[in-house]
Asks: 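I'd like to ask you about the structure that follows.
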Amino acid sequence: MKKAQDELAEIKSIMERSSRFLSLSGLSGILAGVYALIGSGIAYSLIYYPNPPYGKDISLTNPEYVISNVMITGLSVLLLSVFTTWLLSRKKSKKTKVSLWSPASRRFMRALFIPVIIGGLLCIGLYAQGQEHLVAAITLIFYGLGLFNASNFTLNEIKYLSYCQLVLGLIATFFPEYGLVLWAMGFGVLHIIYGAIMYVKYDG
Amino acid sequence: MKGKYDKAFENVIRLRIMSILMANEEFDFNSFKELLDVTDGNLATHLKQLEKNDFIEVKKSFVGRKPLTTYAATEEGKKAFQFHLTFLENLIKENKS
C-alpha cells in the first residue's frame, strides 16, 4: 500500500530533521583543514625551523614566548574555523530553509563544545605546569571526544572522523615529539579528507 | 501485535508533531512552527487536540521575560504512536505477501 509507505517515510524524515543538525557544509571541513595546515606551518617555523618538524620536548629547546606564540596560532586556527563553519552553515540553512538555531543545533553544539572547552582549559593548565608537550595530544583527544558525542546529533559519518582523531591523539600521548606532525594530520589532513567526502556526498 | 490505526494521527500535522516528539525529549512551540511551516492557530489547534487525548504534555516556563512553551510525549502517547507504526508496517507486509 503506497500511502502507508509514504507515511512511514515521512515519519522517518521528520524525526531525522527535527533531531539532527544537518546544515554542516563539507566545505567548512576543507577550509578548517587548510587553516590547520597553515597554522601548523607557522608553528613549525616558530618551534623547529630549520630542523625537521619533530623532535624533543619543545619546552626544553624554546624560550617561553615561542610557546605562547604557538598557543595564539592554535587559538586563531580554532576561531577562524568556527567562524567559517558558522558562515557556511548559515548559508546552507538558508538554502534548505531550516533554522540554524534549532533544538537540534543547540544539542549538537553543546555536545561538541563542552569537551572541547574542557580540553582547552586543560591545555592552559598543562601549559602552566610546564607540560606543553602534551597539548597536541590533549587537543586531538578532547576534540575527538566532542565529535563522538556530537555524532548523535548530526550526520553519522562524523563518527569516523572522531575515531581517527582519537587514535592520533593517543599516539601523540606516547610520542609527544611527533605532536606537531600528528596535530597537522588530525586537524589538517583529516578535516580536508572528511570535508571533501561530505562535500561530494551531500553538497555536490 | 497487529497494531491499530489511530484516528488521532489521521491528520498529517498531528502525525508530524508526534514523530518529532518521539525523536526529541521535548520541543518548543516556535521550533514546531518553523519545522512544520504552519500558522500559529493551526499548530495550536493540533497541539490542543493531542493534549486532550493525553498524548502530549505541556510545560510552560520563562526564558528571561519571554514565555517558552515546550511539549513532550506522554507514555500513553508513545504507546499509541508505536501501535500506529506497527499498524502501518503490518499493512505494508500484508500487501507484499
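Basis for what follows: all heavy atoms, side chains included, without hydrogens, waters or symmetry-related copies. We name chains A, B, ... by the order of the sequence lines, and we start the count at 1 in each one.
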Asks: Within a 6.0 Å radius of atom CE on Met185(A), are there more than 12 heavy atoms belonging to other residues, nucleotides or ligands?
Replies: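 No, CE of Met185(A) has 12 or fewer neighbouring heavy atoms, counting only those of other groups under 6.0 Å.
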Asks: Around atom CZ of Phe175(A), are there more than 12 heavy atoms of other residues, nucleotides or ligands at under 6.0 Å?
Replies: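 Open.
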Asks: Return the set of residues passing salt bridge (Lys or Arg N to Asp or Glu O under 4.0 Å) with Asp54(B) (not counting sequence neighbours), or none when no residue passes.
Replies: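 For Asp54(B), no residue satisfies salt bridge (Lys or Arg N to Asp or Glu O under 4.0 Å) once neighbours in sequence are set aside.
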Asks: In Å, rounded to the nearest 0.5 Å, how long is the span from CD of Glu7(A) to CZ of Arg16(B)?
Replies: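 The CD atom of Glu7(A) sits 10.5 Å away from the CZ atom of Arg16(B).
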Asks: What residues of residues 17-38 of chain B sit under 4.5 Å from chain A when only non-hydrogen atoms are counted?
Replies: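 Listed by number, the contacting residues are Ser19(B), Ile20(B), Met22(B), Ala23(B), Asn24(B), Phe27(B), Asp28(B), Ser31(B), Glu34(B), Leu35(B), Leu36(B).
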Asks: Which residues, numbered in order, of residues 103-126 of chain A come under 4.5 angstrom of chain B by heavy-atom distance?
Replies: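 Counting heavy atoms that sit under 4.5 Å from chain B, the residues of residues 103-126 of chain A involved are Pro103(A), Arg106(A), Arg107(A).
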Asks: Quick one: what part of Glu16(A) sits under 4.5 Å from any heavy atom of chain B, side chain, backbone, both or neither?
Replies: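 Neither part, no heavy atoms under 4.5 Å.
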Asks: Is the number of heavy atoms from other residues, nucleotides or ligands under 6.0 Å of Tyr199(A) OH greater than 12?
Replies: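 Incorrect, the count does not exceed 12.
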Asks: Give me the contact list for residues 151-174 of chain A versus chain B, heavy atoms only, anything under 4.5 Å, ordered by residue number.
Replies: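 Checking residues 151-174 of chain A against chain B gives no residue, so none.
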